[in-house]
Enquirer: 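Please read through the structure below; I'll follow up with questions.
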Amino acid sequence: MVNVLLVVPYQELQKTFEDYVATLDTRDLKIDILHLYGSRFYAKDMEKYQIVAARGITGRTIRVRYPQVSFVEIAVTSDDIINALDECVRRFGRKRIAIILTDSAVCSESSLRRLSGLDLQIFYVFGEEDLDGVIQEAVQRGFECVVGGLTVCSRCQELGIPSAFIHTGKEAVERTIRTAVETAKGINREQLQSQLLRTLLDHNHNGVLACDGRGQIVAANVQAKRILGFDPEAHLRGQQIDQLLPDVQWRKAAADGVTLDAMRQFPTGMTVLQCAPLHLAGGETGVLLTIQNAEMIRDTDSKIQKQVRQSGFTARYTFEDIIAGTPEMKQRLAYAYKYAQTDASVLILGETGTGKEMFAQSIHNASGRASYPFVPVNCAALPEQLLESELFGYSEGAFSGAQKGGKVGLFELAHKGTIFLDEIGEMPLDLQAKLLRVLQEKNIRRIGDNKIIPVDVRVISATNVSIHDKIMAGTFRRDLYYRINLLELRLPPLRQRPEDVELIFRQMLERFSRENGRPVPAVTPEAAAIMRRYPWYGNVRELRNFSERLTILNEEPVITPAQLKMAGLFELERPAGAEEQPAAAGAVPAGPVRKRKADLAKEMGISRTTLWRRSKRKAQEEQDETK
């Protein structure tokens with residue numbers, strides 16, 4: 001609520017004020033209309049008003065004594081003065097006339113002489129205390145009559161000097177009242193915004209301090225006062241931040257335009273103090289200080305991670321889960337850790353089962369996005385239309401059978417986190433173009449929708465096929481390859497790092513034994529040597545599966561070659577010259593048989609293992625038919 005005082009210049013004008021105010025929208029305003037002049041009012045009368053409209057000496061006095069009040073001048077116009085001069089001539093004849101005005105009145109003395117044909121002069125008065133001196137000066141200069149406002153005319157009447165009163169026109173009254181009401185509404189809006197801002201600041205769990213370019217506090221919320229040890233009602237405005245927080249580098253933050261963080265112990269606990277540049281009016285740069293409770297930050301982080309885990313889009317593996325005994329694998333780990341420190345796209349290359357997703361999850365968990373989702377997508381598992389809707393989502397009614405309300409795509413779900421595009425080499429060509437646009441523009445558009453949705457996602461891709469061959473065959477876009485392959489990580493197959501086989505095998509035995517409630521068996525050197533020599537064409541995945549099977553079947557305290565054979569490690573061994581067995585089974589076939597089968601598998605677009613399985617199944621079916 002804003003209180004407005006309209007000071008009526010003379011009693012006869014009060015009804016004009018009241019009638020016009022009655023026509024206005026004065027909600028959230030309280031308007032008082034009083035007839036005052038000179039200094040006939042008290043300070044307590046002014047304390048409750050935010051806006052005062054007045055004229056002449058009364059207005060000048062209020063403006064000087066109460067600078068905190070928004071003042072609206074009731075202007076004295078040339079027409080008002082000419083009308084007063086006309087009245088003065090009618091009453092007292094053509095005499096020399098002194099016009100006494102305040103300095104706020106704007107009027108041309110020469111114009112008044114020319115228009116009226118009178119011998120006149122304008123005298124200015126700055127306050128009621130100057131009035132007698134000005135009147136006396138006018139009389140001494142031979143002026144016989146006075147034209148002025150109510151205060152001037154009242155004093156002239158007391159001194160026996162002829163005077164004519166300057167009346168205010170109706171238009172000036174209405175214009176003044178409109179200005180006062182609009183000013184009041186503006187103050188109301190500012191007060192509402194200030195109150196809203198204050199409420200928002202005080203409901204912020206963090207302490208907030210704003211300082212100007214000289215380090216003086218211009219605003220502080222309740223939480224900041226409590227953290228600094230002040231009463232919530234204390235006034236910190238105007239105090240120096242150097243006195244309250246002497247070690248805060250606010251000058252560096254303001255000068256360099258950077259945000260600085262520091263840990264600071266307060267009686268309320270350990271906090272994170274953030275100092276950021278704040279651009280103020282007039283080009284001045286201050287700082288905004290935010291004081292966050294460190295324990296609350298940890299709690300918030302825990303809640304975020306809990307929500308991410310509940311969504312199912314979490315990364316389980318870290319670099320500590322990856323076993324690397326060879327220098328080559330240690331180097332791969334070092335590269336991957338460096339990659340985790342950036343947001344650049346990563347392409348992981350390697351055969352099936354080499355641990356591409358494990359590396360992707362580890363990179364995510366070591367990055368600044370670890371608290372956000374890790375969303376894996378198998379680009380080869382879904383048809384093109386379904387894959388597009390899964391990646392980018394769709395709006396309601398986008399196609400027949402679309403879910404009511406539409407569906408959020410995986411890119412949106414991965415916002416602030418990482419999306420892992422596994423088997424990206426199998427992605428359809430048309431969808432590659434849409435993916436490229438998303439990576440370039442960093443926004444997506446759901447199927448059937450025109451709305452653009454910005455996304456902040458790191459992309460890690462993986463493939464077990466030759467992208468170069470795909471590019472040469474025209475089935476993979478070269479520009480997409482350059483976009484996803486900013487950083488490259490090649491994972492060697494397990495057969496090229498036999499030193500790691502025993503390490504991984506022993507870890508798996510320990511894990512699966514623990515899960516099955518069994519003692520961990522020892523491994524003989526002979527068994528370990530066989531494990532190292534075995535080619536493991538299924539890589540770590542095959543080794544893992546074999547280790548679990550062995551743990552279930554084994555009843556001995558020691559793993560020997562016999563236990564390995566019992567678990568099926570050699571069940572597909574064949575004598576020299578026999579037909580080729582699957583790659584995962586053991587020995588590598590040689591000679592023309594292997595070459596013919598390799599060529600046939602390549603022509604069919606499948607692996608030799610798949611070709612062998614199909615041949616075996618076909619043979620079994622033919623055998624069943626003959627029975």
Side-chain angles (χ1 to χ4, degrees), residues 1-10 17 21 26 28-77 100-107 123-134 148-152 155 166 168 172-173 175-195 197-198 210-214 216-220 233-240 280-284 286:
M1 180 71 71
V2 176
N3 294 319
V4 180
L5 174 62
L6 304 177
V7 179
V8 179
Y10 49 96
F17 272 73
V21 167
T26 57
D28 298 323
L29 305 177
K30 186 178 183 302
I31 299 178
D32 290 335
I33 303 174
L34 299 175
H35 171 51
L36 302 171
Y37 66 94
S39 58
R40 293 168 174 79
F41 52 88
Y42 302 97
K44 62 183 180 64
D45 296 323
M46 292 295 112
E47 290 176 356
K48 63 181 180 181
Y49 297 111
Q50 288 81 46
I51 300 173
V52 175
R55 192 187 82 165
I57 292 178
T58 303
R60 170 74 182 183
T61 304
I62 293 172
R63 186 166 49 179
V64 171
R65 291 187 186 178
Y66 309 102
Q68 77 277 10
V69 173
S70 294
F71 181 76
V72 179
E73 177 79 24
I74 302 177
V76 175
T77 67
I100 300 179
L101 305 172
T102 60
D103 61 333
S104 59
V106 179
C107 188
F123 294 83
Y124 290 100
V125 62
F126 297 99
E128 192 171 7
E129 64 279 5
D130 303 324
L131 182 56
D132 283 355
V134 173
L150 182 58
T151 305
V152 173
R155 186 56 180 155
I166 300 175
T168 296
V173 170
R175 183 168 58 250
T176 300
I177 296 174
R178 282 197 304 270
T179 302
V181 170
E182 289 303 315
T183 302
K185 289 181 178 179
I187 292 176
N188 242 335
R189 287 191 294 269
E190 290 177 1
Q191 288 180 344
L192 182 62
Q193 291 174 352
S194 178
Q195 183 179 4
L197 180 60
R198 172 59 57 188
C211 304
D212 61 18
R214 295 167 295 173
Q216 288 188 344
I217 297 174
V218 296
E233 301 299 323
H235 295 286
L236 300 187
R237 188 182 181 91
Q239 293 196 36
Q240 284 289 332
L280 305 171
E284 184 180 6

Enquirer: Go through the structure and list residues passing ring pair (Phe, Tyr, Trp, His ring centres under 6.0 Å) with Phe123, not counting sequence neighbours.
Expert: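 Applying ring pair (Phe, Tyr, Trp, His ring centres under 6.0 Å) to Phe123 gives Phe143.
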Enquirer: At their closest point, which heavy atom of Arg214 faces which heavy atom of Glu284, and how far apart are they?
Expert: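 Minimum heavy-atom contact is N-OE2, 4.1 Å.
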Enquirer: With sequence neighbours excluded, what pairs up with Ala172 under the side chain to side chain contact (heavy atoms under 4.5 Å, CB included) test?
Expert: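 Only Thr168, Arg175 meet the side chain to side chain contact (heavy atoms under 4.5 Å, CB included) criterion with Ala172.
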Enquirer: Taking side chain to side chain contact (heavy atoms under 4.5 Å, CB included) as the test, write out the residues that go with Glu129, two or more places apart.
Expert: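 With sequence neighbours excluded, Glu129 shows a side chain to side chain contact (heavy atoms under 4.5 Å, CB included) to no residue whatsoever.
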Enquirer: Would you say the side chain of Gln240 lies within less than 4.5 Å of the side chain of Gln216, judging by non-hydrogen atoms?
Expert: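 A side-chain contact under 4.5 Å exists here.
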Enquirer: Is the shortest side-chain heavy-atom distance between Ile33 and Val8 below 4.5 Å?
Expert: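 They are in side-chain contact.
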Enquirer: Hey, does the side chain of Gln50 reach the backbone of Val2 with a donor-acceptor pair shorter than 3.5 angstrom?
Expert: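 Side chain of Gln50 to backbone of Val2, a donor-acceptor pair under 3.5 Å: no, none is there.
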Enquirer: Show your reasoning for whether side-chain contact (heavy atoms from CB on, under 4.5 Å) applies to Tyr49 and Asp32.
Expert: CA-CA 9 Å; Tyr49 297 111; Asp32 290 335; 2.5 Å; yes
Enquirer: Kindly indicate, with the supporting measurements, whether the criterion side-chain contact (heavy atoms from CB on, under 4.5 Å) is fulfilled by Arg155 and Asp132.
Expert: CA-CA 8 Å; Arg155 186 56 180 155; Asp132 283 355; 2.7 Å; yes
Enquirer: List in chain and number order the residues that pass side chain to side chain contact (heavy atoms under 4.5 Å, CB included) with Glu182, two or more places apart in sequence or in another chain; answer none if no residue qualifies.
Expert: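 For Glu182, the residues satisfying side chain to side chain contact (heavy atoms under 4.5 Å, CB included) (neighbours in sequence not counted) are Lys185.
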Enquirer: Please report the C-alpha distance between Leu29 and Val181 in whole Å, then the side-chain angles of each, then the deciding distance to 0.1 Å, and finally whether the side-chain contact (heavy atoms from CB on, under 4.5 Å) criterion is met.
Expert: CA-CA 8 Å; Leu29 305 177; Val181 170; 3.7 Å; yes
Enquirer: Write down the atom of Val72, the atom of Ala180, and the distance for their closest heavy-atom approach.
Expert: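 In terms of heavy atoms, the two residues are closest at CG2-CA, 4.1 Å.
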Enquirer: Measuring from atom OG1 of Thr58 to atom CD1 of Ile74, what distance do you get when rounded to the nearest 0.5 angstrom?
Expert: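 One finds 9.5 Å between OG1 of Thr58 and CD1 of Ile74.
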Enquirer: Just to verify, what does Val64 make a side chain to side chain contact (heavy atoms under 4.5 Å, CB included) with, not counting sequence neighbours?
Expert: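 With sequence neighbours excluded, Val64 shows a side chain to side chain contact (heavy atoms under 4.5 Å, CB included) to Arg60, given in chain and number order.
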Enquirer: Can you name the nearest heavy-atom pair linking Lys30 to Met1, along with the distance?
Expert: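 Shortest heavy-atom separation between Lys30 and Met1 comes out as N-SD, 3.8 Å.
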Enquirer: When rounded to the nearest 0.5 angstrom, what distance separates CD in Glu128 from OG1 in Thr61?
Expert: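 If I round to the nearest 0.5 Å, the distance is 6.0 Å.
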Enquirer: How many angstroms lie between atom CZ of Arg55 and atom OG1 of Thr102, to the nearest 0.5 angstrom?
Expert: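 Result: 9.0 Å between the selected atoms.
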Enquirer: Specify the closest pair of heavy atoms between Val7 and Ala54, including all atoms of both residues, with the distance to one decimal.
Expert: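 The answer is CB-CB, 3.8 Å.
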Enquirer: Would you please name every residue forming a salt bridge (charged side-chain N to carboxylate O under 4.0 Å, His left out) with Asp28, sequence neighbours left out?
Expert: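 Partners of Asp28 by the salt bridge (charged side-chain N to carboxylate O under 4.0 Å, His left out) criterion come out as none, since no residue qualifies.
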Enquirer: Run the side-chain contact (heavy atoms from CB on, under 4.5 Å) test on Val4 and Thr26 for me, step by step, so that the C-alpha distance in whole Å, both residues' side-chain angles and the decisive distance to 0.1 Å come before the verdict.
Expert: CA-CA 10 Å; Val4 180; Thr26 57; over 6 Å; no
Enquirer: Looking at CG of Leu6 and OG1 of Thr176, how far apart are the two atoms once the value is rounded to the nearest 0.5 Å?
Expert: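 Output value for this atom pair is 9.0 Å.
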Enquirer: To the nearest 0.5 angstrom, please state how far the CD1 atom of Ile166 sits from the OH atom of Tyr10.
Expert: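 If we round to the nearest 0.5 Å, Ile166:CD1 and Tyr10:OH are 11.0 Å apart.
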Enquirer: A quick test of your reading: do over 12 heavy atoms of other residues, nucleotides or ligands sit less than 6.0 Å from CZ of Arg237?
Expert: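 Check fails, neighbour count at 12 or below.
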Enquirer: Could you tell me the separation between the CD1 atom of Ile217 and the CG atom of Asp212, rounded to the nearest 0.5 Å?
Expert: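 Ile217 CD1 to Asp212 CG: 10.0 Å, rounded to 0.5 Å.
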Enquirer: Hey, are the side chains of Ile51 and Ser70 touching, using non-hydrogen atoms and a 4.5 Å cut-off?
Expert: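 Answer yes - side chains close enough.
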Enquirer: Looking at side-chain heavy atoms only, is the closest gap between Val125 and Thr151 below 4.5 Å?
Expert: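 Sidechains of Thr151 and Val125: no contact.
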